[in-house]
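Worksheet for the structure shown next.
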There are 2 protein chains.
Amino acid sequence: MSNISKEDYLRVIYKGLEESRMVNPTLVAEHLNISNAAVTDMLKKLTKEKYVSYTPYKGIQLLEKGKMEAIKLVRRHRIWETFLFKVIGLPWYKIDQEAENLEHSSSDELIDRLEVILNYPEFDPHGHPIPRKDGRIPKQKKCISLDRLGIGKVSAIQKVNDHSEELLMFLYKSGLVINKKLKVTEKREFDNSIVVLVDNKELVLSEKISKNIFVEDMR
Amino acid sequence: MSNISKEDYLRVIYKGLEESRMVNPTLVAEHLNISNAAVTDMLKKLTKEKYVSYTPYKGIQLLEKGKMEAIKLVRRHRIWETFLFKVIGLPWYKIDQEAENLEHSSSDELIDRLEVILNYPEFDPHGHPIPRKDGRIPKQKKCISLDRLGIGKVSAIQKVNDHSEELLMFLYKSGLVINKKLKVTEKREFDNSIVVLVDNKELVLSEKISKNIFVEDMR
DNA sequence: AGATTAATTTAAGTTAACTTAAACATTTTT
DNA sequence: AAAAATGTTTAAGTTAACTTAAATTAATCT
Ligand SMILES: [Mn+2]
Ligand SMILES: [Mn+2]
Ligand SMILES: [Mn+2]
Ligand SMILES: [Mn+2]
């Protein structure tokens, strides 16, 4: 009947790979707030049904079938996020959670209508690419995480990780939104925090925060 | 965790009572496409948790707690239907199914935003009242089902049952939409079909169809 | 009233998706 | 090369929500 659970696994795996991290059962378990044993169980099913391939300690890969499913889900998720933000007016930091619920309960026809209403958006409000109906992914500018931007360098925010409401709320209040220009004015060796200049204001960002912000790589 | 199933039972019970039919396990089973035994099971749970009271062969009643839950769900359902129809532009006969999925996956905050965008609608596209946030139900004009409208009488469609896509598609194509005026020109004893005049066209309606259309009772 | 029909419940079983606790395997550190 | 830490699987059990088949109960018909 309902595939909500399976879809959630695929989304987490897809987003993990998208961030080019190695995706292992532990990571999935943490993201879904379930036990490792549950992930082992589901990976067996997903493997048998040819959604993923998986080598213990080496990571999970999406097979063609799984990738297609995941892309369709991510498309639904990001179109909803964009719609909730632009048309409904929900705040930036609430749309991920809401979209996570809606993504499992919408027909393709509805999603396509939303896409038309939004005039075929390429990126969601966090800067993530929205897969097209045919599965193609809009090309993004080359990015690096903010912690790797050199001192004195200026760049613009391209995307931010959207999984923590607290982070997004902080970023929003600090004006660290998509396309915002910023300059790194200081790097502190001790804790890897950095100081950036945004809207003529200085902001101190911890390493954990700067690693969740991605700026254009100008080289 | 997820309450989708429980909510569905409550919606069916609520809508059954709204149509002033006696609601028994068999009716619920038919509407949800599950076995009677499953309904018996769930009724036990719902009874234990004080959502409903139930006397075999006498019907199911909603208790305060169950009524509140059901009204909240019906509110979500009908606000979604209205939004899908008016803002998204989905066809009349598809919105019920789509709303049935979305109703379980939206926060109160989202629903309230939709309500604002729609400017506090009182009735959904099928003419059903949309419960307010405080639980109050907009008052409807007194209705009778079309099969009970006397010959020669003129009236306007107030609401239609929305559970069959086929029925709604037929009504839509025939111009039998909300507020449409019609006149009964003939009643056929043999099969209880009737002939109505709509937009200067004559239409033959079977008893089954006319029983699913409700017109203002002018007396 | 007794027979027939319809509605309901019980019994037993299935499946998906989890859990905890313990065992096992691999990688990393010393 | 051990030891320790980390990651993974197994085993056993739980829960919700269903199923079919058989038994029971109530309502309706003759
Ligand atoms: Mn998201
Ligand atoms: Mn996003
Ligand atoms: Mn409906
Ligand atoms: Mn409706």
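A, B, ... follow the sequence lines: proteins, then strands. Residue 1 opens every chain.
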If you measure only the distance, is there a donor-acceptor pair under 3.5 Å linking the side chains of B:D8 and B:H31?
no

A:H77 and A:D96: side-chain donor and acceptor closer than 3.5 Å?
yes

Using a distance-only test with no angle check, is there a side-chain donor-acceptor pair under 3.5 angstrom linking A:S193 and A:E207?
no

Students often get this wrong, so: under 4.0 angstrom with heavy atoms, is B:D41 touching a base, only sugar-phosphate, or nothing?
base

Write down the distance between CD1 (B:I34) and P (C:dT9), rounded to a whole number of angstrom.
13 Å

Is any side-chain N of the basic residue among A:E103 and A:R78 closer than 4.0 Å to the acidic one's carboxylate O?
no

Mind calculating the distance between OH (A:Y54) and C1' (C:dA25) to the nearest angstrom?
11 Å

Separation of A:Y57 atom OH from C:dA25 atom C1', in whole Å?
4 Å

Euclidean distance, atom CD1 of residue B:I60 to atom C1' of C:dA7 [Å, nearest integer]:
12 Å

Where does the angle between the aromatic ring planes of A:F83 and B:F83 fall among parallel (under 30°), tilted (30 to 60°) and perpendicular (over 60°)?
perpendicular

Could B:E216 and B:K159 be called an ion pair, given the rule that one side-chain N must be under 4.0 Å from one carboxylate O?
no

If you look at every strand shown and take non-hydrogen atoms under 4.0 Å, does A:S5 touch a base, only sugar-phosphate, or nothing?
sugar-phosphate

Touch class at under 4.0 angstrom, heavy-atom based, for A:T26 against every strand present
sugar-phosphate

Leading and trailing nucleotides of DNA chain D with any atom under 4.0 Å from heavy atoms of chain B:
D:dA16 to D:dA27

